[in-house]
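Side chains are part of it too, since the values below use all heavy atoms of this structure and drop only hydrogens, waters and symmetry mates. Since the model is a prediction, treat every value here as computed from it, not as a measurement.
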Amino acid sequence: MVDEIRVRFAPSPTGYLHVGGARTALFNWLFARSTGGTFILRIEDTDRARYQESALAEIIESLRWLGLDQDEGPEAGGPRGPYFQSERLALYREHADRLVGEGKAYPCFCTSERLDALRREQEAAKLPHVGYDRTCRRLPPGEAAARRAAGTPCVIRFAVPEEVRPVTFNDLIRGDIEYRTDVLDDFVLLKSDGFPTYHLANVVDDRAMGISHVLRGDEWIASTPRHILLYEAFGWPLPRFAHLPVILSPDGGKLSKRKGAASVLDYRRAGYLPEALFNFLALLGWAPGDDREVMDRGEIAAAFSLDRVHPKPAVFDEEKLAWMNGQYMMARSAEALLPEILPLWAKLGFTDGTEPWLPKVVDLLKSRARRLNELAEDAVWFFRDPETYEEKAAAKHFGPDGPALLRELAEALAAVEPFTAAPLEALYRATAEAKALSPGKLIHPTRLAVSGVSFGPGLFEMMEVLGRETVLRRMEAAARRIEEKH
RNA sequence: GGCCCAUUCGUCUAAUGGUUAGGAUACGGCCCUCUCAAGGCCGCGAUACGGGUUCGAAUCCCGUAUGGGCUACCA
């Protein structure tokens, strides 16, 4: 028999997809792609109280943006659907009833008030093991069935074996983990609204969908023994388990919106490229084993293996993400980067995207910005004449003889042919030499006059893109401004 | 409280009993240079602590500390 590898990412549509969830999805995707397996998206919408209408679209858009294409799922379809748990309710009830019939589960009529009181009592008594006291488990079978038949609201609880024994499993990332049956309480399988809990739905669906490897977040590790008991009760073979470490914020706590972006789409809004986030997330908890860091999807998928995933929680360092994003921005051609920048320029009111020299602007700026938004904003003076001049630089480069110098240079500029970088540079160097000045004495005032700031691309490349008319206009405007000041 | 998990430079990580503990980021410096970036070179910086096992421990074992998760009719 061929061991077919099938993995799933199973988010609950209760909010945006955060980077921790995205990393779980990414590792599932990488594992599938690196082994020729199947990557499935399953929506675990069994919590009607926390369900959010907008969440599903956001999750799907986040995955699409990151390039985590699904082989089976709500959009891709597939033979093991439906891929929404809310459309599989009959299956869960059937399985819960089967366990009740076999004496491995039982209806529980305890009210939430009684359960709350019980919990408070146990906490006050500082009992080592807290949990349901199994009152309804001891109900005479006839009575339970009768009350259920009469329509008394109830949940179905799993009857954890009374026998005290270890429940062990081998986690692909952490190794052997052991729990004991006496620390497990009789957890709920089916809620009183007829919806399954995560535990039941997850196990039933993983079985029904042929999931071979369960790669999920760390927070599920304590639930795994319950799931194993369920597999045993059903008589099903176990999938392999691998629990991924959490991603932490720089202060060591959980990642949250408050501490910066936490959702995948926030990073898109902040000007990050999907391939950069993809690469960065892949390196959180995994490394190829050699010194490679900037790797494309294919390289990462080819190098990925679960045994190189390590169990330590990783801090999300946005500085390094920014660096990596800069690497990807530089690596993209201007033509490939332009479509990302155009909408930002449109929003800033800079351009409708028709100027033929736009790719040159991207070329001049892409190695000078780490995020798309930065690049877009840094381009302001390509589109607008400066209204102010950087104060410190003006004090240094706009002296009393500034107007005369700028006008003299402008006069020479008016005659340069063609108006391109090389002749412009030749002109400046020759002029500097003739005046026995360092070229910087000419270049810096011109840069400030033309862009309003003291930093940016090479002056002559800038002037070429701006064109003669604009450059001369700005130099004259600067000359007048200096005269007004003095 | 109980159970479980984790612990190498600030951060991401490499080294799976024998390395001057390597790389990246960040930070500092130098070079390049019209500025700012980019790039190149150099520097700073780590095995949480205490016991074992071993000729030899970041690596194996135990304990402590610290951090995290679970302990719901949430996932």
Problem set entry | Any-strand Watson-Crick or G-U partner of B:G50, both distances under 3.5 Å | B:C62
Exercise. Of all residues at least two apart in sequence or in a different chain, which pass the side-chain hydrogen bond (donor to acceptor under 3.5 Å, both in side chains) check with A:Arg332?
Worked result: A:Glu275, A:Glu340
Problem set entry | Interatomic distance at P, B:C32 relative to B:A15, whole Å | 39 Å
Exercise. Taking 4.0 angstrom as the limit, do A:Arg429 and A:Glu433 come out as a salt bridge?
Worked result: no
Exercise. What interatomic distance, in whole Å, is found between P of B:G23 and the corresponding atom of B:C44?
Worked result: 12 Å
Seminar exercise, completed: In Watson-Crick or G-U wobble terms, with both distances under 3.5 Å, the base opposite B:C34 is none
Exercise. Can you tell me how far P in B:U47 sits from the matching atom in B:C34, rounded to whole Å?
Worked result: 44 Å
Problem set entry | Distance between C1' atoms of B:U64 and B:G10 (Å, rounded) | 25 Å
Exercise. Between B:U13 and A:His310, is there an OP1 or OP2 to side-chain N/O distance shorter than 4.0 Å?
Worked result: yes
Exercise. With sugar-phosphate meaning primed atoms plus P, OP1 and OP2, does A:Cys110 contact a base, only sugar-phosphate, or nothing at under 4.0 Å between heavy atoms?
Worked result: base
Seminar exercise, completed: Those residues at least two apart in sequence (or on a different chain) that pass side-chain hydrogen bond (donor to acceptor under 3.5 Å, both in side chains) with A:Arg474 are A:Asp385
For this session: Report the base-pairing partner of B:U20 (Watson-Crick or G-U wobble, both distances below 3.5 angstrom), or none.
Result: none
For this session: Would you indicate what A:Glu319 reaches in the nucleic acid, counting non-hydrogen atoms under 4.0 angstrom: base, sugar-phosphate, or nothing?
Result: sugar-phosphate
Exercise. Base, sugar-phosphate alone, or nothing: which one does A:Gly131 contact when heavy atoms must sit under 4.0 Å apart?
Worked result: nothing
For this session: Scan residues 160-173 of chain A for pairs that pass salt bridge (Lys or Arg N to Asp or Glu O under 4.0 Å), counting only residues two or more places apart or in two chains.
Result: A:Arg134-A:Glu162, A:Arg137-A:Glu162, A:Glu163-A:Arg165, A:Arg165-A:Glu232
Exercise. Taking CZ from A:Arg93 and P from B:C73, how many angstroms apart are they, rounded to a whole number?
Worked result: 19 Å
For this session: Can you tell me, in whole Å, how much space there is between the C1' of B:U66 and that of B:U53?
Result: 26 Å
For this session: Kindly say whether the aromatic ring centers of A:Tyr272 and A:Phe280 come within a distance under 6.0 Å.
Result: no
For this session: Give the rounded distance in Å between these two atoms: CG of A:Asp182 and C1' of B:C4.
Result: 14 Å
Exercise. Within this structure, what is the CG-to-C1' distance between A:Asp317 and B:A26, rounded to whole angstrom?
Worked result: 7 Å
Exercise. With sugar-phosphate meaning primed atoms plus P, OP1 and OP2, does A:Glu123 contact a base, only sugar-phosphate, or nothing at under 4.0 Å between heavy atoms?
Worked result: nothing
Problem set entry | Pair A:Phe195 + A:Tyr92: ring centers closer than 6.0 Å | no
Exercise. Of all the nucleotides listed (B:A6, B:C73, B:A75), which has the minimum atom distance to the side chain of A:Lys312?
Worked result: B:A6
Exercise. If you measure from the C1' atom in B:C55 to the same atom in B:G50, how many Å do you get, rounded?
Worked result: 23 Å
Exercise. What residues, two or more places apart in sequence or in another chain, satisfy side-chain contact (heavy atoms from CB on, under 4.5 Å) together with A:Val315?
Worked result: A:Leu248, A:Pro250
Seminar exercise, completed: When rounded to whole Å, the CZ to C1' distance for the pair A:Arg292 and B:U25 reads 19 Å
Problem set entry | Nucleotide B:A14, atom C1' - distance to CG of A:Leu283 in whole Å | 12 Å
Exercise. If you look at every strand shown and take non-hydrogen atoms under 4.0 Å, does A:Val315 touch a base, only sugar-phosphate, or nothing?
Worked result: sugar-phosphate
Exercise. According to the salt bridge (Lys or Arg N to Asp or Glu O under 4.0 Å) rule, which pairs have a member within residues 435-463 of chain A, sequence neighbours left out?
Worked result: A:Glu408-A:Lys435
Exercise. Is any side-chain N or O of A:Lys320 closer than 4.0 Å to OP1 or OP2 of B:G10?
Worked result: no
Problem set entry | A:Arg157 side-chain N/O to A:Asp186 backbone N/O, donor-acceptor pair under 3.5 Å | yes
Hey, what are the protein-to-nucleotides 61-66 of chain B N/O distances that come in under 3.5 Å?
none

Under 3.5 Å between N/O atoms: give me all the protein pairs with nucleotides 67-70 of chain B, atom names plus distance.
none

For this session: Assess the pair A:Trp286 and A:Phe304: is the distance between their ring centroids shorter than 6.0 Å?
Result: yes
Exercise. Heavy atoms under 4.0 Å, any strand shown: does A:Pro288 hit a base, just sugar-phosphate, or nothing?
Worked result: nothing
Seminar exercise, completed: Across every strand shown, the nucleotide meeting Watson-Crick or G-U wobble geometry with B:A57 (both distances under 3.5 Å) is none
Exercise. What pairs with A:Arg371 under side-chain hydrogen bond (donor to acceptor under 3.5 Å, both in side chains), at least two apart in sequence or on another chain?
Worked result: A:Glu374
For this session: To the nearest Å, give me how far apart CZ (A:Arg165) and P (B:C3) are.
Result: 20 Å
For this session: Using a 4.0 Å heavy-atom cut-off across all strands, classify A:Thr46 as base, sugar-phosphate, or nothing.
Result: sugar-phosphate
Exercise. Between A:Arg148 (CZ) and B:C73 (P), how many Å, whole number?
Worked result: 17 Å
Exercise. Any side-chain N or O of A:Arg174 less than 4.0 Å from the OP1 or OP2 oxygen of B:A6?
Worked result: no
For this session: Any salt bridge (Lys or Arg N to Asp or Glu O under 4.0 Å) involving residues 220-229 of chain A? Give me the pairs, sequence neighbours left out, ordered by first then second residue.
Result: A:Asp185-A:Arg226
Problem set entry | Ring geometry between A:Phe241 and A:Tyr231 (parallel below 30°, tilted from 30 to 60°, perpendicular above 60°) | perpendicular
Exercise. Say you pick atom P in B:G67 and the same atom in B:U8; how far apart are they, in whole Å?
Worked result: 15 Å
Problem set entry | Set of residues satisfying side-chain hydrogen bond (donor to acceptor under 3.5 Å, both in side chains) with respect to A:Arg93, sequence neighbours excluded | none
For this session: Would you mind building the protein contact string for nucleotides 31-41 of chain B? One character per nucleotide, 5' to 3', B for base within reach (heavy atoms under 4.0 Å), S for sugar-phosphate only, - for untouched.
Result: ---BBBBSS--
For this session: Pick the P atom in B:C36 and in B:G43, then give their distance to the nearest Å.
Result: 24 Å
Exercise. For the residue pair A:Tyr198 and A:His227, is the inter-centroid distance of their aromatic rings smaller than 6.0 Å?
Worked result: yes
Exercise. A:Leu115 has a side chain; which of B:C12, B:C73, B:A75 sits nearest to it?
Worked result: B:C73
Problem set entry | Distance in angstrom units between A:Arg50 CZ and B:A72 P, rounded | 15 Å
For this session: Scan A:Arg308 against the nucleic acid and name what it touches under 4.0 Å (heavy atoms): base, sugar-phosphate only, or nothing.
Result: sugar-phosphate
Exercise. Are A:Arg180 and B:C3 close enough that a side-chain N or O sits under 4.0 Å from OP1 or OP2?
Worked result: no
For this session: With a 3.5 angstrom cut-off on both distances, give the Watson-Crick or G-U wobble partner of B:C73, or none if there isn't one.
Result: none
Exercise. Using purine N1 to pyrimidine N3 plus N6-O4 or O6-N4 for Watson-Crick, or N1-O2 and O6-N3 for G-U wobble, both under 3.5 Å, which nucleotide pairs with B:G67?
Worked result: B:C5
Exercise. Is a donor-acceptor contact shorter than 3.5 angstrom present between the side chain of A:Ser192 and the base of B:C73?
Worked result: yes
For this session: Using the salt bridge (Lys or Arg N to Asp or Glu O under 4.0 Å) rule, collect all pairs that involve residues 104-117 of chain A, keeping only residues at least two apart or in two chains.
Result: A:Glu102-A:Lys104, A:Arg114-A:Asp133, A:Asp116-A:Arg119
Problem set entry | Selection from B:C73, B:G10, B:A75 that lies nearest to any side-chain heavy atom of A:Tyr198 | B:A75
